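What follows is a short report on a single structure.
Naming: A, B, ... by sequence-line order, numbering from 1 per chain. Bear in mind that the values here come from a model prediction, so they are computed numbers and not experimental data. Values below: every heavy atom of this structure, side chains too, minus hydrogens, waters and symmetry copies.
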Amino acid sequence: MDLVTRTKLEIFVEAHAVNDLERMLTRVGFKGCSVFEGVEGAGSHGAWRQTGVDEAGMRLIITIGSEASARAALTWLEDYFKSYPGVVAVSEVKVLRAERF
Amino acid sequence: MDLVTRTKLEIFVEAHAVNDLERMLTRVGFKGCSVFEGVEGAGSHGAWRQTGVDEAGMRLIITIGSEASARAALTWLEDYFKSYPGVVAVSEVKVLRAERF
Amino acid sequence: MDLVTRTKLEIFVEAHAVNDLERMLTRVGFKGCSVFEGVEGAGSHGAWRQTGVDEAGMRLIITIGSEASARAALTWLEDYFKSYPGVVAVSEVKVLRAERF
Amino acid sequence: MLENLGAAAGANLLAPAVLFFALGAIAGWLKSDLTIPDQVAKSLALYLMLCIGFKGGVEARASGLTPDLLSAGALGLCLSFAAPFAAYAALRAFGALDRVTAAATAAHYGSVSVVTFAAGSEYLRAIGVEFGGYMAAVLALMETPAILAALLIAGSRGGAAGARIKPTLWREVFLNGAAVVLVGSFIIGAITNEPGRERLDLFVGALFQGALCLFLLDMGLVASRRLAAAPKLNWGLIGFALVWPLLSAAAALAASMALNLSLGDASLMAVLAASASYIAAPAAMRIALPNADAGVYLSLSLGVTFPFNLLVGIPLYHAIARLMYG
Amino acid sequence: MLENLGAAAGANLLAPAVLFFALGAIAGWLKSDLTIPDQVAKSLALYLMLCIGFKGGVEARASGLTPDLLSAGALGLCLSFAAPFAAYAALRAFGALDRVTAAATAAHYGSVSVVTFAAGSEYLRAIGVEFGGYMAAVLALMETPAILAALLIAGSRGGAAGARIKPTLWREVFLNGAAVVLVGSFIIGAITNEPGRERLDLFVGALFQGALCLFLLDMGLVASRRLAAAPKLNWGLIGFALVWPLLSAAAALAASMALNLSLGDASLMAVLAASASYIAAPAAMRIALPNADAGVYLSLSLGVTFPFNLLVGIPLYHAIARLMYG
Amino acid sequence: MLENLGAAAGANLLAPAVLFFALGAIAGWLKSDLTIPDQVAKSLALYLMLCIGFKGGVEARASGLTPDLLSAGALGLCLSFAAPFAAYAALRAFGALDRVTAAATAAHYGSVSVVTFAAGSEYLRAIGVEFGGYMAAVLALMETPAILAALLIAGSRGGAAGARIKPTLWREVFLNGAAVVLVGSFIIGAITNEPGRERLDLFVGALFQGALCLFLLDMGLVASRRLAAAPKLNWGLIGFALVWPLLSAAAALAASMALNLSLGDASLMAVLAASASYIAAPAAMRIALPNADAGVYLSLSLGVTFPFNLLVGIPLYHAIARLMYG
Ligand SMILES: Nc1ncnc2c1ncn2[C@@H]1O[C@H](COP(=O)(O)O)[C@@H](O)[C@H]1O
Ligand SMILES: Nc1ncnc2c1ncn2[C@@H]1O[C@H](COP(=O)(O)O)[C@@H](O)[C@H]1O
Ligand SMILES: Nc1ncnc2c1ncn2[C@@H]1O[C@H](COP(=O)(O)O)[C@@H](O)[C@H]1O
Ligand code: NA
Ligand code: NA
Ligand code: NA
């Protein structure tokens, strides 16, 4: 069993940005991602809650890839977060089949 | 790009506790959090499943903040878990814009 | 407050595999897990999206346990991933009440 | 008489709603992957509550503030508050439960099941027995006293968490979503009266039947899966879950006769007394008595008593009521 | 006359849909845990849109391409595009808002609320006042001009993110799900005409009333929770949210009279002008003006103006219309 | 004759359900953010199944165990089991697919689409052609044989994962949620008969039309998005997805005539044979043949064949049936 270290990004962004982000992630070298829907949350832009009426809610995008890809994505995100709400957390994980990431 | 280390808590608790927890997190210095809804799970209190009929299900609260805040939250949680089901996992992550956390 | 290191697995698999996986996790010594439903994603088997019509979607199983259990689960998963889509990420977390994991 | 009883039971067992429950139970037992998505199931539950409350309110307004309403309400309150004490004693004696789990389970049996009530009133409607619209209000009244009684039985939990959780608990007990919709719709029905009913006739009427089928399909799935995942039930507990409803219904019938309630009201009162909560009570117990074993109380109320009432209890209680009312 | 006004207002306040809104608002205010699951709420919103569009299309087809249709459409477009400029000035002057938040809020007030429209047309139907089916198309026309006007007011945002986000924004503005269903259903209604309507009669008719009740219950919850979480509103802003609808409705009525629209059409035009968007506009503003404070515009449109229009505005605007139409 | 055909096709294309499919397809193609939330879409699918099964059961009970029922059932089983062998050969020859993906795709074309069946029976009802209620049972019978045939074709997969996954697979094949609801509702319909139907009349009748519109709106969205995300389809595959339904329908019609089925039954048999599964088959293939390319089979069945059948196929097959039945 070969466990290799890769970088994991957990990106919290508004729903409308998910498509743009997925495109960006592919561009910088990520080969996959998974998106989850939050039910509520809070941050510097205030609190939100999934209601079905007015609020769009945050998505959590989890993506695992090389450190270089992560660095490129972070540069993009740094710029993006200047205008839009969101947060990114970077951490190291170990994966099987490293060639896939 | 300035990546700074912060502490991430992943807290699994029952739905009814989420409001209390959010208040506590704010009190101890966390400036944001995101809440997700699980579909099923198991632990020392048995297995559960989101059904819409009888079971309330677990929520996952993800929050990123300073080590000091995390320590305070853990003290609260240690006490909380004496009575209620739940689990917390602590890990280190790197974030952009450290002043926000 | 006693924080002890344990291993966290984040396993992305198709919905149909969740039951088998939960059974396996119990067998190798995990005492709990939590399952979340993704809304969309992509990987080497192509992109998917929860639609309610045709696509089954990925689940994220989060489970925390001993390193030995994690190793056993990874062996099982290595084999499973030879046939089926999915990804696993391994990381270290600190937990309270270590005897529970 | 017995013939009628058999026919009535047959009619109940052949009602689409009951058959859909059976379908769900079988599907769950066969480990089919069938599920009603939880958000839809939750919404169906709210919708059923809305219909029951609204129709009850309209009918209660039509019949006015009768003495029956007051006696039925008072009886319901008493039954709900008193039942947990008896149930607790029985559960400790025959079920070998620890103190806290026994108290939490007792709360479930004192409280009531909205869907059992819905099935009971559909049954009475199908066989043409009248009952008061205010029974929906009685249903609402019976939800919480049992929970309070169980808390008394278990004693204040103390400890650090206690103080913190109190407000959440009271909100859950008195303001849980289901109760709010039930009571609110009752009041709205009473306010808007016939003009409102006409507008919503189809929504709370013909549609209700179908929604009940769908919800019971889900209940069947949940009940049989719950039961499959509950290896801890001993025979004492299962016996309790089957005998308690009978005794409870008998007591409710006797009291209803004494209070001169109508045949239909008495039958529904028996159904309410026999039914066990699986929404309000578990939610409150999870907060107030977290050390109680949810596997026990949910498996009993949802996996044993609910099906028993739906399949056997409802026509049986009504048949006994008929015998008593001669 | 005044008596009639009182009776009309009373009738509105006693409509089940309005009462369910109140129930939701009270439940939210009491911090009940009641919620309509979000996927179901979203589907209800789409369903309401579908019904409004479809019925409007069928009726518009029946009445043909009248000059009224054209004048109502042109008036709607103008009102929606012009309103944000006036609203912006008022918000800056009386609300002390920053430039961007004022522009975003102005977009909400120029744009329209589908559910307010639905409640308005149900009200007219209930009291027997006729209006053109094409008003559903006017509703659709009024959604976006206000958003464009607000973008003009705020000026192009520039910066790196600007270029990237443009296509997403235009898609959101012109192709947001709600607008597509509304317009699409209108066209489908116009195409299938009576045969289609017969098939869907119940689905878009009797069921609509109930779905509106359920959705308004949710709106009540969301509105009161929003308001509770919004400590930032000053009196200038609250005043704006109450006075603007009145002025806006008056302007719409005057213009409608000048254009010879019917009493019903004029009343609905007033309702549209008075209403504030809480679906299309927030979605667009989140993309185009992310620095605007969503707490302000959502609290005002959803927490203040929507309830005001629903409870007071609708019968009031119609009463004023009656006075004006003599 | 041809004139009639044109009119029939026109009537189909103007049916609201078909137009809502088109609306969804256009919205998806324009990249609108419109979506029917997935839990609601799943519930709609279950609901449609429930209606089809229930109505079929009631009608089948009314007409009794006729020889037609038996021949239709036997024919359906044969068609579903035989089709994958022919489809596999064609897909290998013209579509240049690998062995496993060809087998998985063949399973889809042997199996059936419930919504195509629903649209087909609505079409026949609209133009007044009768058919047997047991066709709903034939629909259920045709779901799984094709899946078994495909597994035979692909050969046992072997390997370590094989053994582990078997029970999951059989459960998925025979006990998938959709099949259970369809078959279960059929049986419930047959048991409760007319009394049950009366109670659920509106729920399974008038409401069904609207739900079908909503679900087809979603199908349109999903189909066009799927197609947009599928760059791998070659012309051989697209040709297959358009020609196969025609050949398949023709074969079904010929066999139906030989077996003396009625005109309506034969038309529906053709629709079933021409339709391709997009729920049961993909779920089973994901488990049994995970190396097959889901992009291929879903794009073909959902993105090409489903719209073709809905828009063109249904009236066409019926027109051919009319010609053949003279
Ligand atoms: N410290 C945090 N921990 C976890 N999630 C956060 C945190 N801060 C922000 N978020 C999430 O990111 C969203 C946008 O953050 P913000 O831009 O700070 O408003 C919030 O609504 C949360 O869902
Ligand atoms: N080892 C674990 N890994 C991941 N999640 C867990 C674990 N243990 C418990 N959980 C989650 O936390 C909930 C409560 O845990 P417990 O108090 O152990 O019953 C469970 O139902 C799971 O959803
Ligand atoms: N690099 C990645 N990061 C996050 N999630 C992934 C990644 N790769 C795959 N996934 C998830 O796992 C699923 C199956 O992966 P695959 O077997 O690569 O198709 C994908 O559809 C994603 O939901
Ligand atoms: Na009871
Ligand atoms: Na407006
Ligand atoms: Na077929």
Side-chain angles (χ1 to χ4, degrees), chain E residues 36-51 53-55 57-58 167-208 210-211 279-280 283-284 287, chain F residues 7 10-45 47-48 51 118-119 122-123 125-128 201-218 220-221 224-225:
Chain E
I36 311 288
D38 66 280
Q39 293 205 5
V40 173
K42 256 175 230 164
S43 306
L44 279 176
L46 289 179
Y47 163 77
L48 295 179
M49 233 70 86
L50 188 156
C51 294
F54 186 81
K55 287 187 285 191
V58 172
T168 310
L169 174 61
W170 297 128
R171 246 196 334 262
E172 189 61 53
V173 168
F174 290 109
L175 291 172
N176 74 76
V180 166
V181 167
L182 183 64
V183 174
S185 305
F186 187 90
I187 297 173
I188 292 176
I191 294 177
T192 60
N193 207 0
E194 274 310 314
R197 203 234 182 85
E198 261 160 50
R199 282 210 221 171
L200 293 184
D201 196 20
L202 192 125
F203 187 69
V204 303
L207 202 61
F208 179 80
I279 296 185
I287 298 173
Chain F
N12 182 54
L13 288 175
L14 296 183
V18 174
L19 290 168
F20 275 105
F21 177 81
L23 175 59
I26 293 170
W29 180 66
L30 292 173
K31 301 205 187 313
S32 161
D33 69 352
L34 175 61
T35 33
I36 310 288
D38 65 281
Q39 292 204 5
V40 173
K42 255 175 232 163
S43 306
L44 278 175
Y47 164 77
L48 295 179
C51 294
E122 287 301 308
Y123 176 71
R125 254 186 219 123
I127 61 173
D201 196 20
L202 192 127
F203 187 70
V204 303
L207 202 61
F208 179 80
Q209 306 264 355
L212 188 60
C213 288
L214 219 51
F215 192 72
L216 279 169
L217 178 64
D218 194 42
L221 286 161
S224 71
R225 281 179 188 144

- Note on the structure: ring pair (Phe, Tyr, Trp, His ring centres under 6.0 Å) filter on F:Tyr47, not counting sequence neighbours, yields F:Phe203
Extract all donor-acceptor atom pairs below 3.5 Å that involve side chains of residues 32-41 of chain F and protein atoms in other chains or at least two apart in sequence.
from: F:Ser32; atom 1: OG; to: E:Leu175; atom 2: O; distance (Å): 2.6
from: F:Ser32; atom 1: OG; to: F:Leu34; atom 2: N; distance (Å): 3.0
from: F:Asp33; atom 1: OD1; to: E:Gly177; atom 2: N; distance (Å): 2.8
from: F:Asp38; atom 1: OD1; to: E:Gln39; atom 2: NE2; distance (Å): 3.3
from: F:Gln39; atom 1: OE1; to: D:Gln39; atom 2: N; distance (Å): 2.9
from: F:Gln39; atom 1: NE2; to: D:Asp38; atom 2: OD1; distance (Å): 3.3

- Message: Quick check on the interface: out of E:Pro195, E:Ala283, E:Ser43, E:Gly184, who has the most heavy-atom pairs with chain F under 4.5 Å?
- Response: E:Ser43
- Item | Region of F:Leu217 that comes under 4.5 Å of a non-hydrogen atom in chain E | side chain
- The interface call for E:Arg199 against chain F, heavy-atom contacts under 4.5 Å, is both
- Message: Within the 4.5 Å heavy-atom criterion, are F:Leu14 and E:Ile191 side-chain neighbours or not?
- Response: yes
- Selection from F:Ala22, F:Ala206, F:Ala27, F:Ala17 maximising heavy-atom pairs under 4.5 Å formed with chain E: F:Ala206
- Message: Any heavy-atom pair between the side chains of F:Phe20 and F:Leu214 that's under 4.5 Å?
- Response: no
- Task: Might you work through the side-chain contact (heavy atoms from CB on, under 4.5 Å) test for F:Asp218 and F:Leu44, ending with a clear yes or no?
- Result: CA-CA 10 Å; F:Asp218 194 42; F:Leu44 278 175; over 6 Å; no
- Measure F:Ala211 against the heavy atoms of chain E and call it side chain, backbone, both or neither at under 4.5 Å. backbone
- Select one option (side chain, backbone, both, neither) describing which atoms of F:Leu221 are under 4.5 Å from chain E's heavy atoms. neither
- If one checks every heavy atom of F:Leu23 against chain E at 4.5 Å, the contacting part turns out to be side chain
- Message: For E:Ile187, which atoms come within 4.5 Å of any heavy atom of chain F: side chain, backbone, both, or neither?
- Response: neither
- Note on the structure: When every non-hydrogen atom of F:Pro16 is compared with those of E:Leu200, the smallest separation belongs to CB-CD1, 3.9 Å
